[in-house]
J.: 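Below you will find the structure I want to go over with you.
Naming: A, B, ... by sequence-line order, numbering from 1 per chain.
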Number of protein chains: 2
Amino acid sequence: MRHYRIPDETVKRLPVYLRGAVLLLKDGKKSLSSGELAGFIGASPAQIRKDFSYFGAFGTRGVGYDTPKLIKQISKILKLNKRHKAVLVGIGNLGTAIMVYTGFSIYGFSIEAAFDNDAKKIGKKINGITIEDIAKLRTIRAKKIQIAILAVTSGQAQRVAESLVNNGIKGILNFSPCRLEVPKNIKVISIDIALDMARLPYYMPKT
Amino acid sequence: MRHYRIPDETVKRLPVYLRGAVLLLKDGKKSLSSGELAGFIGASPAQIRKDFSYFGAFGTRGVGYDTPKLIKQISKILKLNKRHKAVLVGIGNLGTAIMVYTGFSIYGFSIEAAFDNDAKKIGKKINGITIEDIAKLRTIRAKKIQIAILAVTSGQAQRVAESLVNNGIKGILNFSPCRLEVPKNIKVISIDIALDMARLPYYMPKT
DNA sequence: AAGCTTTTGTGAATGAGAACACAAGGTTAA
DNA sequence: TTAACCTTGTGTTCTCATTCACAAAAGCTT
C-alpha cells in the first residue's frame with residue numbers, strides 16, 4: 001500500500017461500511033467478504049476493497065475480513081474509537097428532535113450542552129440536559145467540547161458559527177439552509193433537508 | 001446546445017442556484033452574472049454556466065441572467081413550478097419537526113397527510129393535519145399524493161416504503177438509517193444524519 | 001458605426017473516481 | 001505436498017465531472 005491522497009468519497013462511505021459490519025456482526029457473522037458486505041449495503045466489492053486499500057491491508061486473502069477487527073479498524077480511521085462530546089445550538093423543533101435522537105450514541109457521540117436564545121426555553125431540561133442562554137456559550141471551552149450541531153435559523157447561523165469557532169469548536173454539523181464561512185481548519189458538514197427535497201420532483205415521471 | 005446526459009451532480013446543484021437567485025432577487029438584484037451568483041453561493045462561475053448549458057441558453061452575453069426569468073427556468077427544470085403534495089409517515093420527534101418545518105413550502109411542497117402506527121398519536125392534530133392510522137395508508141392514492149417523507153424506525157422503513165409504492169408514491173425522502181429496495185422507477189433520496197455526523201471527527205485535528 | 005468592455009456558452013484539456021482484471025497469498029482436501 | 005479453489009490488494013483502464021480558455025454576442029462610449 002502506497003500513500004495516496006484519500007478521496008473524500010471514500011471517507012463518506014466508511015461510516016456505511018462500519019454500520020454494515022456492525023449489523024452483520026450482530027447477525028452472527030464473525031467474518032465477512034467484500035462481496036457479502038457489498039451485497040448487504042448495496043455497493044460493489046471492488047469499491048469496498050479499493051477504499052480499504054487506501055488505509056492498508058485489513059483482510060486475509062482467500063478468507064475475507066474478521067468482522068470485529070474490521071469494525072475496530074474503521075472506527076480508528078474515523079476517530080470513532082473515543083467518545084466525542086457535542087454541543088447543540090438551537091432548540092427548536094429540529095433541535096429537540098436531535099436532542100432525543102439516539103442514533104448518534106452508537107458512534108460514540110454524546111450531547112453535553114444545549115443553548116438557545118429564547119428566554120422561554122432557557123432553563124428547561126430535555127433528556128437530562130438543561131438549555132442554557134446562548135450568551136453563555138463560552139462555557140463549552142472548559143468542557144472541552146469540539147463538535148457542534150447547529151440548528152438555528154439561517155439568519156443566525158453565521159454569527160453563531162463564528163462564536164462556536166471562537167470557543168474551541170473544530171467541527172460543525174450544520175442544519176441551517178445556508179453556507180457558513182469558517183476558517184479552513186474547521187470542518188463543516190451541512191445537511192440541507194429542503195435542498196434534497198427540492199430535487200425529488202425532477203426524477204419523477206411526467207404526470 | 002447539444003443533448004448530453006445531464007450529470008446528477010448538476011441536478012444536485014440546481015436547487016442551490018435556485019435558492020441563491022431567489023435570495024438575491026429579494027435583495028433587489030433584477031439581473032445577475034454567473035460570477036455574482038457564484039460568489040454568493042460559493043461555487044465557480046464556469047461551473048454554473050456549464051450546468052445551465054445542459055438545459056439551454058438562459059442568459060444574455062455581456063449582461064448576465066435576468067433574475068426572475070432564471071428562477072422560472074430552474075423551477076421548471078426541477079418541476080417546482082407546480083405544487084407538490086406530500087405525505088409524512090412516522091410522527092416521532094423528527095417527524096413532528098418536519099411537520100412544522102416551513103422550509104419546504106417555498107419550493108411548493110405541502111404536507112397533506114400524516115400517518116403513524118402509535119394509537120396514542122392517531123387522531124392528534126399537528127399544524128392542521130390529523131394523524132391517521134398507518135393501516136389506512138391507501139387513502140393517499142385518492143388524494144393523488146406522489147411524494148412521501150419517511151421518518152420511521154429502520155426496522156419498519158422497508159415495509160412502509162413498499163406500502164407507499166403500492167399506493168402510488170413515486171418519490172421518497174428517506175430519513176431512516178437504512179437502504180430501501182424499491183422498483184427502479186421510484187426515486188429515493190436518503191438523509192442519514194448519523195452517517196454525516198460519523199465522519200466529522202475524521203477531519204478534525206489530532207488532539 | 002467602430003472599437004472597447006463585459007459576460008455568456010461551450011469545445012478541449014485536465015483531473016478524479018469507479019470498475020476491471022489479475023497476480024499474490026492464503027485455505028482446504030486428498 | 002500438491003492441486004484446486006477462494007478472496008484480497010492494486011496497477012491499469014475507463015468513465016464521468018470540473019476547469020480552462022476563448023470565440024460569439026451584446027451593451028456602452030465616443
J.: Between B:D192 and B:S190, does any side-chain donor sit less than 3.5 Å from a side-chain acceptor?
T.: no
J.: Could you tell me whether the side chain of A:R141 and the main chain of A:N166 form a donor-acceptor pair under 3.5 Å?
T.: yes
J.: Using a distance-only test with no angle check, is there a side-chain donor-acceptor pair under 3.5 angstrom linking A:Y17 and A:D51?
T.: yes
J.: Report the distance from atom CZ of A:F55 to atom P of D:dT10, rounded to the nearest whole Å.
T.: 13 Å
J.: Under 3.5 Å, is there a donor on one side chain and an acceptor on the other for B:S75 and B:Q73?
T.: no
J.: Any side-chain N or O of B:Y65 under 4.0 Å from OP1/OP2 of C:dT6?
T.: no
J.: In whole angstrom, give the distance that lies between atom CG of A:D66 and atom P of D:dT8.
T.: 13 Å
J.: Quick check on contacts: within residues 33-52 of chain B, what sits under 4.0 Å from DNA chain C by heavy-atom distance?
T.: B:S33, B:S34, B:R49, B:K50
J.: Under 4.0 Å from OP1 or OP2 of C:dA16: is there any side-chain N or O of A:R5 that close?
T.: no
J.: Please confirm whether the ring centroid of A:F58 lies under 6.0 Å from the ring centroid of A:F52.
T.: yes
J.: Measure the distance from CZ on B:R61 to P on C:dT7 and round it to the nearest whole Å.
T.: 14 Å
J.: Among the candidates D:dG9, C:dT27, C:dG17, find the nucleotide nearest to the side-chain atoms of A:A57.
T.: D:dG9
J.: Using heavy atoms to find the nearest nucleotide of DNA chain C for A:R13 and A:T60 separately, return the residue whose nucleotide is more 5′.
T.: A:R13
J.: Measure from CG on B:D8 to P on D:dT18 and round the result to the nearest Å.
T.: 11 Å
J.: Expressed as a whole number of angstroms, how long is the span from B:L70:CG to C:dT8:P?
T.: 11 Å
J.: Could you state the CD-C1' distance from B:E9 to D:dT15, rounded to the nearest angstrom?
T.: 14 Å
J.: Quick one, A:Y107 with A:F104, criterion ring-ring contact (aromatic ring centres under 6.0 Å, His included). Give me CA distance, side-chain angles, the key distance, then yes/no.
T.: CA-CA 6 Å; A:Y107 291 111; A:F104 293 139; 8.5 Å; no
J.: How close or far is atom P of C:dT10 from atom CD1 of B:I6, stated in whole angstroms?
T.: 13 Å
J.: Out of curiosity, A:E181 CD to A:I186 CD1, how far, rounded to the nearest 0.5 Å?
T.: 13.5 Å
